[in-house]
Peer 1: 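My questions all concern the structure below.
Sequence lines set the chain letters: A, B, ... in the order given, protein chains first and strands last, and positions in each chain run from 1.
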Amino acid sequence: MTAIRYELIKTCKQTGARLGRVHTPHGSFETPIFMPVGTLATVKTMTPEELKAINAEIILSNTYHLWLRPGEDIVQEAGGLHQFMNWDRPILTDSGGFQVFSLSDLREIEEKGVHFRNHISGEKLFLTPEKATQIQNALGSDIMMAFDECPPFPAEHKYMKDSVERTSRWAERCLAAHQRPEDQGLFGIVQGGEYKDLRKQSAQDLTSLDFPGYAIGGLSVGEPKEIMNEMVEYTTQFLPTDKPRYLMGVGSADSLIDGAIRGIDMFDCVLPTRIARNGTLMTSQGRLVVRNAKFARDFSPLDPNCDCYTCKNYTRAYIRHLIKTDEILGLRLTTYHNLYFLLNLMEQVREAIKADRLGDFREEFFENYGFNKPDAKNF
RNA sequence: GGAGGGAUAGCGAAGUUGGUCAAACGCGGCGGACUGUAAAUCCGCUCCCAUCGGGUUCGUAGGUUCGAGUCCUACUCCCUCCA
């Protein structure tokens, strides 16, 4: 009996996108889905009640960061991550593999694991597949991620091949170390960068280990979007259709739609929450930098087509004022809106799949958002 | 009335053995970036015109000097203390 089960409901006749349902020990959710990121056991600025109000079904947290603070033992003592942070819906924990990438200046990789320099204290740490698994077992997340290496782009083929093979060996070690397969599902992560042969090899290595779900990692790390889409499209053919597929770290509106069209079921990204705190909003008409002076006297909502709490009650001028004056409410209102926007977008994507018209939806959305403009960039 | 201190770019504030000063730094302003969160962060620009480059600045007016934000004189204003 596995903790995670995927149910394929239907496939979009127009695009091949999958409508599905993932069942977890803390309830189920429909896919394709976007998962807000709450690295330190909190989606920055948002209470669990607010997350529920915008229909967040599953959120992320992070092994590396919770290991450092407060320590997985404290979370376990609190009764697990769900109880600790007062979130009773599903939680997915990333393994720390992304920190191998993002903290690359502070770490050293070897076969057994990765030496880190604690980015807060400078203390020397050693994270292994076994340790990352043990921490996630202690945290009690519904979906755990295998400890992988997320290599940078670009990387030499030779380096990537070694990395992919090591990640596969690590995945096997994670599986072996996993103490609670009945309560927590462990996903494998396909790597391989921009190299098809390595993507294929990685996918085959991992599927032979039979994980309850598979992630595609190592994308959205600086490569062109065409390469990302190509790699996603190429990789999914080697993944089983009866398991969920998770494209890690992707959260721009266009990439979510294009990912769903290529058979992706789950996405996560810090983008909506991070750019919200920095004063950029996602709207049906494209990105809006509310900090800009031109909004100083704009008393319309962030997105006229949005019915979230922020858009129903506050103006661009007011939110600009809050952001410019470093008022905490500004961060909350913008974060709320951006998450609502992506969650709502995915709801529309699911509806479009049900109606076999995701291709049409994509066209309409891209047109409004401005992706079709010749000078479209950085969405 | 007397003694002393000070006036630097939108604001605050460095700079006073005269040259390497269009003038540090902070704030403010303007713009950009952000994709499994070292992020309420980071990066540019911020006297005027301009592609190089040029033109005007450091309270005001003179002066010394090859050269002055930096030295001298007068004036204006501000602050502190004494009458």
Side-chain angles (χ1 to χ4, degrees), chain A residues 34-46 58-66 68-69 92-107 116-122 125 132 136 141 143-151 153 187-191 214-225 228 246-256 258-259 264 266-282 287 289-296 319-320 322-335 338 342 377-379:
Chain A
F34 176 77
M35 307 180 283
V37 178
T39 303
L40 282 161
T42 167
V43 176
K44 296 186 194 300
T45 82
M46 299 280 284
I58 169 172
I59 60 174
L60 253 69
S61 217
N62 186 279
T63 300
Y64 171 85
H65 289 286
L66 292 178
L68 302 197
R69 295 184 299 188
L92 182 152
T93 44
D94 187 28
S95 60
F98 185 71
Q99 279 61 48
V100 177
F101 167 75
S102 65
L103 301 178
S104 60
D105 292 343
L106 302 172
R107 117 266 114 145
F116 280 98
R117 187 71 69 76
N118 180 324
H119 67 276
I120 303 152
S121 69
L125 305 164
Q136 293 182 85
S141 51
I143 299 175
M144 307 163 32
M145 298 306 298
F147 185 60
D148 64 332
E149 179 194 354
C150 178
F153 175 87
F187 283 19
I189 305 176
V190 176
Q191 291 288 351
Y214 296 92
I216 298 176
L219 291 175
S220 208
V221 289
E223 80 285 0
K225 287 196 173 179
M228 179 172 80
Y246 162 29
L247 178 55
M248 307 184 81
V250 167
S252 64
D254 58 329
S255 295
L256 294 182
D258 284 339
I264 298 298
M266 302 161 66
F267 304 85
D268 82 285
C269 197
V270 304
L271 192 67
T273 46
R274 178 179 289 171
I275 69 176
R277 295 193 304 278
N278 295 330
T280 299
L281 287 308
M282 296 172 164
R287 269 166 60 155
V289 183
V290 78
R291 277 194 340 259
N292 289 176
K294 62 183 172 185
F295 300 118
I319 291 164
R320 172 175 194 270
L322 294 178
I323 294 289
K324 302 261 328 165
T325 52
D326 292 325
E327 281 295 335
I328 295 168
L329 182 59
L331 310 180
R332 287 169 43 72
L333 294 177
T334 53
T335 298
N338 274 356
L342 285 191
K377 60 173 177 70
N378 301 323
F379 288 93

Peer 1: Between CD1 of Ile323(A) and CZ of Phe295(A), what distance do you get to the nearest 0.5 Å?
Peer 2: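 Output value for this atom pair is 13.0 Å.
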Peer 1: What does Gln191(A) touch in the nucleic acid at a heavy-atom separation under 4.0 angstrom: a base, only the sugar-phosphate, or nothing?
Peer 2: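 Base contact.
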Peer 1: Could you tell me whether the phosphate oxygens of rU35(B), OP1 or OP2, come under 4.0 Å of any side-chain nitrogen or oxygen in Arg274(A)?
Peer 2: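 The answer is yes; a side-chain N or O of Arg274(A) sits under 4.0 Å from OP1 or OP2.
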Peer 1: Using a 4.0 Å heavy-atom cut-off across all strands, classify Ile120(A) as base, sugar-phosphate, or nothing.
Peer 2: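 Since no nucleic acid heavy atom lies under 4.0 Å of Ile120(A), the category is nothing.
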Peer 1: Starting from P on rA39(B), measure out to CG on Leu331(A) and report it in whole angstrom.
Peer 2: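 In whole Å, rA39(B) P and Leu331(A) CG are 15 Å from each other.
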Peer 1: Does Asn62(A) put a side-chain nitrogen or oxygen below 4.0 Å from OP1 or OP2 of rU37(B)?
Peer 2: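 It does, given that an N or O in the side chain of Asn62(A) lies less than 4.0 Å from OP1 or OP2 of rU37(B).
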Peer 1: Under a 3.5 Å cut-off for both distances, is rA13(B) Watson-Crick or wobble paired, and to whom?
Peer 2: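 Pair assignment: rA13(B) / none.
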Peer 1: So does Ser141(A) get a backbone contact from the side chain of Gln136(A), meaning a donor-acceptor N/O pair under 3.5 Å?
Peer 2: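 Judged by distance alone, no pair lies under 3.5 Å.
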Peer 1: Can you tell me if Glu223(A) uses its side chain to pair, donor with acceptor, with the backbone of Val221(A) under 3.5 Å?
Peer 2: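 Yes; at least one donor-acceptor contact below 3.5 Å.
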Peer 1: Could you measure between the two C1' atoms, the one in rA14(B) and the one in rA24(B), and give it in whole Å?
Peer 2: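 The answer is 6 Å between these two C1' atoms.
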Peer 1: In whole angstrom, give me the gap between the C1' atoms of rG69(B) and rA13(B).
Peer 2: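 Each nucleotide's C1' atom is 14 Å from the other's.
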Peer 1: rU37(B), OP1 or OP2 - any side-chain N/O from Ser102(A) closer than 4.0 Å?
Peer 2: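 No, Ser102(A) has no side-chain N/O under 4.0 Å of OP1/OP2 on rU37(B).
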Peer 1: Using atom P of each nucleotide, how far apart are rG36(B) and rG28(B) to the nearest Å?
Peer 2: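 One P to the other, the span is 28 Å.
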Peer 1: Should we count CZ of Arg117(A) as having more than 12 external heavy atoms under 6.0 Å?
Peer 2: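 Counting other residues, nucleotides and ligands, CZ of Arg117(A) stays at 12 neighbours or fewer.
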Peer 1: Pick out the pairs of N or O atoms, protein on one side and nucleotides 29-31 of chain B on the other, that lie under 3.5 Å.
Peer 2:
from    : atom 1 : to        : atom 2 : distance (Å)
rC30(B) : OP1    : Arg320(A) : NH2    : 2.8
rC30(B) : OP2    : Lys324(A) : NZ     : 2.4
rG31(B) : OP1    : Ala293(A) : N      : 3.1
rG31(B) : OP2    : Ala293(A) : N      : 3.2

Peer 1: In whole angstrom, give me the gap between the C1' atoms of rG44(B) and rG55(B).
Peer 2: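 One C1' to the other, the span is 25 Å.
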Peer 1: Taking atom P of rA40(B) as reference, at what distance in whole Å does atom CG of Leu329(A) sit?
Peer 2: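 After rounding, the gap between these two atoms is 17 Å.
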Peer 1: Counting only Watson-Crick or G-U wobble pairs whose two distances fall under 3.5 Å, which nucleotide matches rC21(B)?
Peer 2: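 Answer to the pairing question: none, since rC21(B) forms no Watson-Crick or G-U pair.
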Peer 1: In Å, rounded to the nearest 0.5 Å, how long is the span from CG of Leu60(A) to CE of Met266(A)?
Peer 2: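 Going from the CG atom of Leu60(A) to the CE atom of Met266(A) covers 8.0 Å.
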Peer 1: Who are the ring pair (Phe, Tyr, Trp, His ring centres under 6.0 Å) partners of His65(A), not counting sequence neighbours?
Peer 2: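 Result, ring pair (Phe, Tyr, Trp, His ring centres under 6.0 Å) vs His65(A): His119(A).
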Peer 1: Looking only at side-chain atoms of Tyr246(A), point me to the closest of rG36(B), rA40(B), rU35(B).
Peer 2: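 For Tyr246(A), the side-chain atoms sit closest to rG36(B).
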Peer 1: Does rA33(B) have its OP1 or OP2 closer than 4.0 Å to a side-chain nitrogen or oxygen of Arg287(A)?
Peer 2: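 Indeed not, no polar side-chain atom of Arg287(A) lies that close.
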Peer 1: Could you let me know what rC42(B) is paired to, Watson-Crick or G-U wobble, both distances under 3.5 Å, or none if it's on its own?
Peer 2: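 Pair assignment: rC42(B) / rG32(B).
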Peer 1: Taking any strand in view, what nucleotide pairs with rA68(B) in a Watson-Crick or G-U wobble way, both distances under 3.5 Å?
Peer 2: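 None - no nucleotide pairs with rA68(B), as no candidate has both distances under 3.5 Å.
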Peer 1: Counting only Watson-Crick pairs (N1-N3 plus N6-O4 or O6-N4) and G-U wobbles (N1-O2, O6-N3), all under 3.5 Å, who is the partner of rA3(B)?
Peer 2: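 rA3(B) is paired with rU80(B).
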Peer 1: Can Thr280(A) and Asn278(A) be counted as having a side-chain donor-acceptor contact under 3.5 angstrom?
Peer 2: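 Absent: no donor and acceptor within the cut-off.
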Peer 1: Side chain of Thr273(A), base of rU37(B): donor and acceptor closer than 3.5 Å?
Peer 2: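 For Thr273(A), whose side chain was compared with the base of rU37(B), there is a donor-acceptor pair (under 3.5 Å).
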Peer 1: Can you check the Leu68(A) CG to rU37(B) P distance for me, whole Å?
Peer 2: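 The distance from CG of Leu68(A) to P of rU37(B) comes to 13 Å, rounded to the nearest Å.
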Peer 1: Can you tell me the Watson-Crick or wobble partner of rA74(B), both distances under 3.5 angstrom?
Peer 2: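 Partner of rA74(B): rU60(B).
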Peer 1: From CZ of Arg277(A) over to P of rA33(B), roughly how many Å is that when rounded to an integer?
Peer 2: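 Arg277(A) atom CZ is separated from rA33(B) atom P by 17 Å.
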Peer 1: Please determine, for the side chain of Ile189(A), which listed nucleotide (rG36(B), rA38(B), rU35(B)) has the closest atom?
Peer 2: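 So the nucleotide nearest the side chain must be rG36(B).
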Peer 1: Quick check on RNA chain B: between Ser61(A) and Thr280(A), whose nearest nucleotide comes earlier from the 5' end?
Peer 2: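 It is Thr280(A), whose closest nucleotide lies nearer the 5' terminus.
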Peer 1: Can a donor-acceptor pair be found, under 3.5 Å and without considering hydrogens, that links the side chain of Thr93(A) to the backbone of Thr63(A)?
Peer 2: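 Pair absent, no side-chain N/O of Thr93(A) close to backbone of Thr63(A).
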Peer 1: Which whole number of Å gives the distance between the C1' atom of rC77(B) and that of rG29(B)?
Peer 2: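 Per the computed distance, 29 Å lies between those C1' atoms.
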Peer 1: If I pick the C1' atom on rA3(B) and the same atom on rU70(B), what distance separates them, to the nearest angstrom?
Peer 2: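 Comparing C1' positions in rU70(B) and rA3(B) gives a spacing of 26 Å.
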Peer 1: Using a 4.0 Å heavy-atom cut-off across all strands, classify Leu60(A) as base, sugar-phosphate, or nothing.
Peer 2: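 Sugar-phosphate only.
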Peer 1: Has the side chain of Asp268(A) got a donor or acceptor atom that lies under 3.5 Å from a matching backbone atom of Val37(A)?
Peer 2: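 Not a single qualifying donor-acceptor pair exists.
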Peer 1: Is there a side-chain polar atom (N or O) of Gln99(A) under 4.0 Å from OP1 or OP2 of rG36(B)?
Peer 2: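 Negative; the distance criterion is not met.
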Peer 1: Looking at Thr39(A), I'd like to know whether one of its side-chain N or O atoms comes within less than 4.0 Å of OP1 or OP2 on rU37(B).
Peer 2: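 Checking Thr39(A) against rU37(B): at least one side-chain N or O falls below 4.0 Å of OP1 or OP2.
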Peer 1: Rounded off to whole Å, could you give me the NZ-to-P distance for the Lys44(A) and rG36(B) pair?
Peer 2: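 In whole Å, rG36(B) P and Lys44(A) NZ are 12 Å from each other.
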Peer 1: Do Asp268(A) and rG36(B) share a donor-acceptor pair, side chain to base, under 3.5 Å?
Peer 2: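 No, no donor-acceptor pair under 3.5 Å.
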Peer 1: If you look at every strand shown and take non-hydrogen atoms under 4.0 Å, does Gly222(A) touch a base, only sugar-phosphate, or nothing?
Peer 2: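 Answer is nothing: Gly222(A) stays at 4.0 Å or more from every strand.
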Peer 1: Would you classify Ile323(A) as touching base, sugar-phosphate or nothing, given that sugar-phosphate means primed atoms plus P, OP1 and OP2, and contacts are heavy atoms under 4.0 Å?
Peer 2: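 Contact class for Ile323(A): none.
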Peer 1: Taking Thr334(A) for its side chain and Gly279(A) for its backbone only, find out whether a donor-acceptor pair lies under 3.5 Å.
Peer 2: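 No: the side chain of Thr334(A) does not pair with the backbone of Gly279(A).
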Peer 1: Please check if atom CD1 in Ile328(A) has more than 12 non-hydrogen atoms from other residues, nucleotides or ligands closer than 6.0 Å.
Peer 2: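 It does not: Ile328(A) CD1 has 12 such atoms or fewer within range.
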Peer 1: Report the distance from atom CG of Asp94(A) to atom P of rU35(B), rounded to the nearest whole Å.
Peer 2: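 Taking atom P of rU35(B) as the reference, CG of Asp94(A) is at 15 Å.
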Peer 1: Between rC34(B) atom P and Phe98(A) atom CZ, what is the distance in whole Å?
Peer 2: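 Phe98(A) atom CZ is separated from rC34(B) atom P by 14 Å.
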Peer 1: Given the P atoms of rC75(B) and rG26(B), what is the spacing between them in whole Å?
Peer 2: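 Roughly 40 Å separates the two P atoms.
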Peer 1: Both Gly217(A) and Ile328(A) contact RNA chain B. Taking the nearest nucleotide for each, which residue is further toward the 5' end?
Peer 2: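 Nearest nucleotide further toward 5': that of Gly217(A).
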Peer 1: What is the separation between atom CE on Met248(A) and atom P on rU35(B), rounded to the nearest whole Å?
Peer 2: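 Those two atoms, CE and P, are 15 Å apart.
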Peer 1: Measuring only the P atom in each nucleotide, how far is rA40(B) from rA50(B)? A whole number of Å is fine.
Peer 2: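 So the two P atoms sit 40 Å from each other.
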